[in-house]
Structures are given as structure tokens and as C-alpha cells.
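Residue numbers begin at 1 in each chain, while the letters A, B, ... track the order of the sequences.
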There are 2 protein chains.
Amino acid sequence: MRPDPFQRNCGSRQVIDRIGDRWSVLVVLTLADGDRRYGELAEHIDGISQKMLTQTLRGLERDGLVTRTVHASVPPRVDYALTGLGRSLLDLVSGLESWATTHLAEVQAARVRYDADLPRRSPTGTARPTRPSRR
Amino acid sequence: MRPDPFQRNCGSRQVIDRIGDRWSVLVVLTLADGDRRYGELAEHIDGISQKMLTQTLRGLERDGLVTRTVHASVPPRVDYALTGLGRSLLDLVSGLESWATTHLAEVQAARVRYDADLPRRSPTGTARPTRPSRR
DNA sequence: CAGGATCCTAACCGATACTG
DNA sequence: CAGTATCGGTTAGGATCCTG
């Protein structure tokens with residue numbers, strides 16, 4: 001029986017979920033160029049909280065995509081790096097990044113068009129979920 | 001100034017967020033082979049609720065990835081299809097699917113290994129989120 | 001420096017009921 | 001059939017404080 005992400009309990013869906021995680025993609029991309037320290041990751045990924053960074057790294061480590069190396073020094077130093085498995089994902093993930101930057105303008109234009117049409121369809125102004133813009 | 005997903009307010013991060021959505025990938029994949037009715041989508045994507053399906057479709061429509069066609073008939077019939085922009089995403093998304101199915105075993109093995117080491121680090125067994133299978 | 005532990009709110013999401 | 005509206009539990013995730 002081959003994995004089928006359309007089936008509820010198939011593990012492949014969990015894998016998709018991890019990749020589809022809000023921060024995983026950005027972390028993996030940051031590690032593309034080589035090892036990074038915890039603090040470097042935190043600095044490079046604007047807006048990520050310490051909690052989410054740690055949580056994301058643990059998840060990636062658990063899934064075998066990232067290694068965590070603790071150097072016994074003072075102050076402590078922890079390096080993160082992609083595993084072979086993690087690097088195998090790199091093409092896909094950077095493809096995602098470039099798709100996003102390439103088609104960003106189109107997507108934004110589509111949004112403007114869609115939102116402009118909304119008033120006609122919901123007369124009383126059924127408020128959209130109102131993405132409350134981070135912060 | 002080019003879009004940089006590492007910057008907090010860059011739109012490209014919103015695009016990544018949409019792709020990284022729990023259901024968007026599955027919906028796009030389902031539409032890969034051609035138009036689908038609302039009910040067909042619901043049936044094919046196991047475990048999605050009607051609310052999430054609608055919400056996901058609206059999001060994809062808003063971003064210009066999917067079209068929604070209402071046929072004036074009784075009973076009503078609504079077809080969804082990928083736009084050109086949506087199809088441009090297809091390679092990436094199906095790449096994601098095949099990566100997931102290909103490396104599923106490795107990921108699961110890594111998890112087992114990681115979890116086996118955990119007891120030594122968190123004695124009380126910090127339970128995983130435990131995705132609750134609905135019903 | 002690299003996190004662990006807590007607290008707390010907002011967003012997610014499923015279940016249910018209702019409508020054109 | 002294809003939704004919308006609403007309620008309520010669950011989770012995500014930021015802020016803050018603390019430690020080796």
C-alpha cells in the first residue's frame with residue numbers, strides 16, 4: 001500500500017504538515033549555506049520568537065532533517081546543520097521561495113481584485129476574517 | 001528591492017504561508033487533473049471539514065490560484081479549477097508530495113530514534129501534540 | 001548564549017444547525 | 001448541492017522570567 005496523503009491517517013500527510021509549517025521552510029533555507037548557530041538563526045529569521053525557533057528546530061531534528069551539535073564551551077555554542085535528508089529537501093524548498101518571490105506581484109494583484117469584488121457579494125459587509133497583520 | 005521572505009512584513013512570506021497551509025497543497029493536488037466539484041473535493045480529501053474546504057478554496061481563489069464557477073442549475077453545481085498561476089505551482093506541489101512519500105520511511109525512522117532518546121532528556125515523557133483523529 | 005518553564009490570548013478548526 | 005452562521009474546545013504562538 002503506497003502512502004497517500006489524501007488518506008487521513010497516512011504519515012505522508014504528517015510530512016507535508018511539517019514542510020508546510022510556518023517556520024520550517026525559513027529555517028531550512030537559512031541552513032542552506034552551511035551551519036548556523038542558534039543566535040544566527042534567530043537574527044536572520046525576522047519575527048520568529050525564541051519559543052518557535054526552538055520548537056521548529058526540535059521538530060526538524062526529530063524528523064531527521066537537521067542535526068544539533070552542542071559545543072562544550074563557555075558561553076555555550078550550539079550549531080545546527082542540515083542532514084543529507086534535509087539537503088534532499090533543499091531544491092524543493094528553495095523552489096518554493098523563488099516561486100513566492102516570482103509570483104508575489106500576481107498574487108497581490110489577485111487579492112486586490114478579489115477584495116474589490118467582495119462588497120457586491122456580501123452586501124452587509126460580512127467581514128473577511130480580517131487578517132490582523134502581525135503586531 | 002527584491003522580496004525577502006526573511007523580512008517580517010514581506011509579502012513573499014504570506015505566499016509561503018498560503019502554500020504552507022494545512023489543506024492548500026492537498027486541494028491544489030486534487031485539482032491537478034482538471035475541474036472538480038465542491039463535493040468531489042470534499043470526498044477526495046479525507047478528513048477535511050466543510051468549513052475548512054470552503055475557507056481554503058476562498059483563500060486560493062483570492063490569491064488567484066483557483067477559479068470558482070457557479071452553474072445556474074438545480075441542484076446547484078460549483079466547479080473549481082486551477083488558474084494558470086495555480087498550474088505554475090503544480091510542479092512544486094507535486095514535488096512536495098513525492099518527496100513526502102519517498103522519504104516518509106526515513107522520517108518515521110528518525111522520529112522513532114529521536115523519541116527513544118527522549119526519556120533520558122525529559123523523564124516524564126513530554127507528550128507530543130497528539131493530532132486528534134476527528135470523531 | 002541557548003534554551004526551559006509559564007502564562008495567556010488569538011487563531012484554528014470541527015460540529016452542528018440552517019439556507020437558497 | 002453548496003454553501004453560511006455560530007458555538008466552543010484545542011492549539012499555536014508571543015511575552016516574560018529564569019537557569020546552566
Ignoring backbone atoms, establish whether [X] has a side-chain N or O less than 4.0 Å from OP1 or OP2 of [N].
X: A:R68; N: C:dA2; answer: no
X: B:R77; N: D:dA2; answer: no
X: B:R37; N: D:dC1; answer: no
X: B:Y38; N: D:dT4; answer: no

Within the distance-only criterion (no hydrogens, no angle test), does the side chain of [X] pair as donor or acceptor with the backbone N or O of [Y] below 3.5 angstrom?
X: A:S94; Y: A:E97; value: no
X: A:R87; Y: A:L82; value: yes
X: A:R22; Y: B:D17; value: no
X: A:D46; Y: B:Q7; value: no

query = B:Y80 or A:I48: which one's nearest nucleotide on DNA chain D is closer to the 5' end?
reply = B:Y80
ask   = More 5' along DNA chain D: B:V70 or A:Q55, using each one's nearest nucleotide?
value = B:V70
Just how far, in rounded Å, is [atom2] of [N] from [atom1] of [X]?
X: A:L57; N: C:dG3; atom1: CG; atom2: C1'; value: 11 Å
X: A:L41; N: C:dA2; atom1: CG; atom2: P; value: 9 Å
X: A:L53; N: D:dA15; atom1: CG; atom2: P; value: 14 Å
X: A:E40; N: C:dC1; atom1: CD; atom2: P; value: 12 Å
X: A:K51; N: C:dC8; atom1: NZ; atom2: P; value: 13 Å
X: A:R58; N: C:dA5; atom1: CZ; atom2: P; value: 11 Å
X: B:D17; N: C:dC12; atom1: CG; atom2: P; value: 10 Å
X: A:M52; N: C:dG3; atom1: CE; atom2: C1'; value: 14 Å

ask   = D:dT4 base to B:Q50 side chain: any donor-acceptor pair below 3.5 Å?
value = yes
query = Of B:D21 and B:P76, whose nearest nucleotide on DNA chain C comes first from the 5' end?
reply = B:D21
key: B:D79/B:R36 ion pair, N-O < 4.0 Å   = no
